[in-house]
Structures are given as structure tokens and as C-alpha cells.
Amino acid sequence: MKYISTRGQAPELTFEEAMLTGLARDGGLYLPAEIPVMGQDEIAALAGLPYEEIAFRVMWPYVSGSFGEDEFRGIIARAYQGFGHAARAPLKQLNENHFLLELFHGPTLAFKDFAMQLIGQLFQAALARRGETVTIVGATSGDTGSAAIEAFRGLDAVNVFILFPHGRVSEVQRRQMTTPADSNVHALAVDGDFDDCQARVKDMFNDFAFRDGVRLAGVNSINFARVLAQVVYYFSAATSLGAPHRKVSFTVPTGNFGDIFAGYIAKRMGLPIEQLVVATNQNDILHRCLSGEGYFKGETIPSISPSMDIQVSSNFERALYYAYGQDGAAVSQLMDELQQGGFHVSQGAMQALRDSFTSGRASEEETLATIKATLAASGELLCPHSAVGVKVAEEARRADEAPMITLATAHPAKFPAAVEQASGVFPPLPPRMSDLYERPERVTRIANDLAALQDHIRRHIPA
Ligand SMILES: *Cc1c(COP(=O)(O)O)cnc(C)c1O
């Protein structure tokens, strides 16, 4: 399988090259040149298989040129062995036609573990074979950083440095980053906000001497390997509810458009999906765009679902690429306009987007009310992100006969303050990590200063 850029001006790469590169050289995002289609009988045969086997069958056509069959099976097995639920992504029934897909049984209690754990093992295997090492530097407002540290800890081909804003992540998120003792992972508490952290990471990538010197690599959500890992649970959930013989719908709490885009890939692979519903919080650029108002940046307003507080959704570029008939020049033009504030979507592309996605938004009050009402009606305690999804799904599914599956993206214990405010219940951590509050922390407080950060990183990677 060859991988091509959404902007059409970068070299074609293999899966492994695209994974290790991340962003394409023309500024675009990598996608498979063709999306493989599974036959209806192949999809039907997935029902009831272990999650790891479904993962292998769904992802194999994408990776087969880069990894051996046994090697890839081993990678999948190692990626998901640390999950706290045998089903990996279990379904819970909320009411007669609405199901919750619990994606929070991984080691850091958010769905990002599904992709990050896999990518950790993929990086290690590819780099060990090449005899190379890389330095991963990332900025986080919480979930991505904890998932990355947990996924890469103890892997000897990779050193990881995560920048987070000092004092501005939740205690659970901070402890998940500061308590792993492995010497190849480093949590850096930066005196600044999330935007400062992100800007310093960008500065490091733009400093080519530094970038080449430490062999910098990125694992943010534009990496296609991360999207691919998320395609799997659409298949496992849908087939367990009767697909392909019965259609299902999905509602996805959305920030960077990675998770919902994985659902779009699943649909193009042949999974019969009726509706793909984009659920946003008050930062609703995607909902406004899908409602026909164009794609214009607003100001990000902090919410109780912070992992969705995003105004420019990086993976939306991939949806635009298909909506514009795989025209890289058109996508390039739109992204230039975005630099100036935003763009209107052409009529044809708007129709294509509407054929694939519907959307809704939930206010802060609606999110809190949904946590409370869902607990009362079904006994299920939702995290605020999942609650945005449930609220939007309940509205979307009225005209829809297919069962609705809402993706529960984090465990309520990761966002205890909002959950307690809404429901009066303080969500406890799962028993397997109940000592998180007692484990010793290891963190470096550091100035919001490029030179200081670069110096720290250089001194902490093995020669
Ligand atoms: C990252 C995240 C999201 C948003 O996912 P995208 O792939 O960026 O759309 C939603 N909920 C939680 C808990 C997250 O960590």
C-alpha cells in the first residue's frame, strides 16, 4: 500500500515511512492511495472474534508491505495486553436502541490508548529493525501526553519528552505523566499555557539542526497510524450488533476529527453505517461548518470537556480531501485561506460532507444535565466528553431506525470535578490504578524558553 498527501505535492511513502514521518513535506496529511474494501462475508466473519483478531484482519491490508504477519500479530498482542477489560472495547446498553462503546479501559483511561499503545509497538519494531532511535516531543493538555508516556515507557528505541502547562492539567492527568519510573520518558511542567507548549514544540521542529541532531519525531493525531488503530473498534462494535446484516449509527465526541474520521474510513471499507454524527461542545466550528456556515476559526472557550476545546480540527483536512474528489490543489488552497481566518465549502463538497456526516452540539448546561440524567436512567456514570456524545446522539437518532452507538471516550474518574458537580457522585479510579495518588512523582519544572528546553532534551537522551 502506498500513502499519498492530501495536498498532492509530497512523495508517496510506505506505511512505515508515513508513520515515522507524520506530517507530509507539503504540509498535508498522509492517506492510503486506495481504501481497501472488505466483502460483506468477511465483515460478517468478524462477529464474536477476539478484539486482537479483528484488529489484525481490519488493519493488515494497510501495513502488509511494512511488517510481517507474525510480527504484526505480536505488535497487536503487546499493544492491548495492558487493558483492564477482556473485550478491550465493550458495549453497554443505555436504553432500547442506544449503546455506549466504552473506550476507556486502557492504561490511561481514555480512547487515545487504543492508538498510542499500538503506535508505540509499531515504532519500536520499525526502529529496532532499522537500528535507529528517535526523540518524540509532544505538547499536551492532558490525555495525549499521558497516553504517549504510558505507550512508550521502557521502549529502548524511543525517548519521549512531554510538555504540559504547569498547574493546568487535572491531578489524574498529571500523575499519569509523572509517576512512570522508566528512564526514557520525561514529563516537563512548562511555566506557560498549552499554546506556549505547542508553540515550543513547533519551534523545535522548525530548528532543523536540533531536529536532525536529536532525530525528532511526532505522534500527534495527524499520524495515519493513529487513525488506523481507531478504525478497528467501529468494526468490533457494529458486528457485535448484527452488522453487516443490520446497519448501525455512531455518534462521536469530536475535537481534532481523528476518531470520527476513523469511522468514515470504516464506512468506506464497506461497514454499513447509517449515520456518523459529529458531536461538539461549545467550541463548535465543525457543527457550524456541517450546518453550512463555512469553516471559520473562533476563539476557544474553555469547557468541562477540555479534550474537545479545539477550533481548528487538523484531521478535517482528510475529510475535505475526499469531499473535494481527492483534489490536492483544492485542499491546498483551502488551507491557505484558513491561515487568513477560514473558508466557505463549495456546494458539491458540502453535499459530499452531508452525505457522510451529520452533527450537533451540546452546551455546558446540557452536558451536566446529561451526566445526571444518564446516571439516573441507566446507572452509567459518563465523563463530560461522552456526555456531549450521548446528548447529541439522543437528538440525532429520532429519525433513525438503526441502533445508535455513542463512543465513550474517557473514564469518568479522569474528570472527577465535572462529574461530581453534575451528579453528586465522586467517580473512583478503577482498582488496578487506585494507588495512583500514592505513587512518587518525577517531573521537571522548566521555563517557557526554547533554549532551556532544547538543552534539557539534549542532556537527557543517551549518547
Ligand atoms: C482526544 C479526545 C477527544 C477528541 O478526539 P478527536 O480524535 O481529537 O476528535 C474526545 N474525548 C476525549 C476524552 C479525548 O481525549
Side-chain angles (χ1 to χ4, degrees), residues 29 89 100-117 119 138-148 150-151 164 169-170 172-173 176-177 194 198 219-231 233-234 250-266 276-287 289-290 300 303-319 357 359 361-362 367 371 381-393 406-416 418-419 427:
L29 311 187
L100 205 60
L101 181 58
E102 292 188 346
L103 300 175
F104 51 68
H105 295 285
T108 70
L109 306 179
F111 83 90
K112 292 190 172 68
D113 289 325
F114 277 89
M116 209 65 92
Q117 286 290 326
I119 218 181
T140 189
S141 55
D143 290 342
T144 301
S146 50
E150 192 57 48
F164 70 87
V169 297
S170 82
V172 173
Q173 289 174 324
Q176 285 179 337
M177 292 189 274
F194 172 61
Q198 224 171 5
V219 289
N220 57 16
S221 78
I222 54 125
N223 199 307
F224 184 75
R226 279 186 59 184
V227 174
L228 178 60
Q230 295 166 5
V231 175
Y233 45 70
Y234 286 88
F250 288 93
T251 298
V252 187
T254 307
N256 250 331
F257 211 80
D259 212 5
I260 183 111
F261 185 73
Y264 173 83
I265 297 271
L276 270 176
V277 185
V278 174
T280 73
N281 65 20
Q282 60 195 4
N283 296 298
D284 60 352
I285 181 169
L286 288 164
H287 175 54
C289 180
L290 292 165
T300 308
S303 78
I304 53 170
S305 43
S307 302
M308 297 157 66
D309 288 345
I310 282 170
Q311 278 295 344
V312 174
S313 298
S314 39
N315 278 293
F316 193 52
E317 177 167 345
R318 291 189 160 114
F357 303 101
S359 68
R361 89 192 276 279
T367 305
I371 294 175
L381 200 51
L382 300 171
C383 94
H385 309 78
S386 312
V388 167
V390 166
K391 163 73 185 157
V392 170
T406 295
L407 273 54
T409 51
H411 191 286
K414 208 160 184 184
F415 301 94
V419 172

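Counting starts at 1 for both ligands and their atoms, in listed order. The model shown is predicted, which means the values in this text are computed figures rather than measured ones.
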Original post:
Which pair of non-hydrogen atoms, one from L103 and one from A89, has the smallest distance, and what is that distance?
Top reply: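 Closest pair (atom of L103, atom of A89, distance): CD2-CB, 3.8 Å.
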**OP:** Using atom types as modelled and distance alone, determine if a side-chain donor or acceptor of Q173 lies under 3.5 Å from a backbone N or O of S170.
**Re:** yes
Subject >> Main-chain N/O of V219 paired with R226 side-chain donor or acceptor, under 3.5 Å >> reply: yes
Original post:
Mind checking whether L407 and Y233 have side chains closer than 4.5 Å, heavy atoms only?
Top reply: yes
Original post:
For the rings on F194 and F164, is their centre-to-centre separation under 6.0 Å?
Top reply: no
**OP:** Check whether the ring centres of F114 and F111 lie less than 6.0 Å apart, and answer yes or no.
**Re:**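 Ring centroids of F114 and F111 are no less than 6.0 Å from each other.
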Ligand-protein N/O pairs under 3.5 Å (ligand 1):
from	atom 1	to	atom 2	distance (Å)
ligand 1	7 (O)	G258	N	3.3
ligand 1	7 (O)	D259	N	3.0
ligand 1	8 (O)	N256	N	2.7
ligand 1	9 (O)	G255	N	2.8
ligand 1	9 (O)	N256	N	3.2
ligand 1	9 (O)	F257	N	3.1
ligand 1	11 (N)	T409	OG1	2.9
ligand 1	15 (O)	K112	NZ	2.5
ligand 1	15 (O)	D143	OD2	2.6

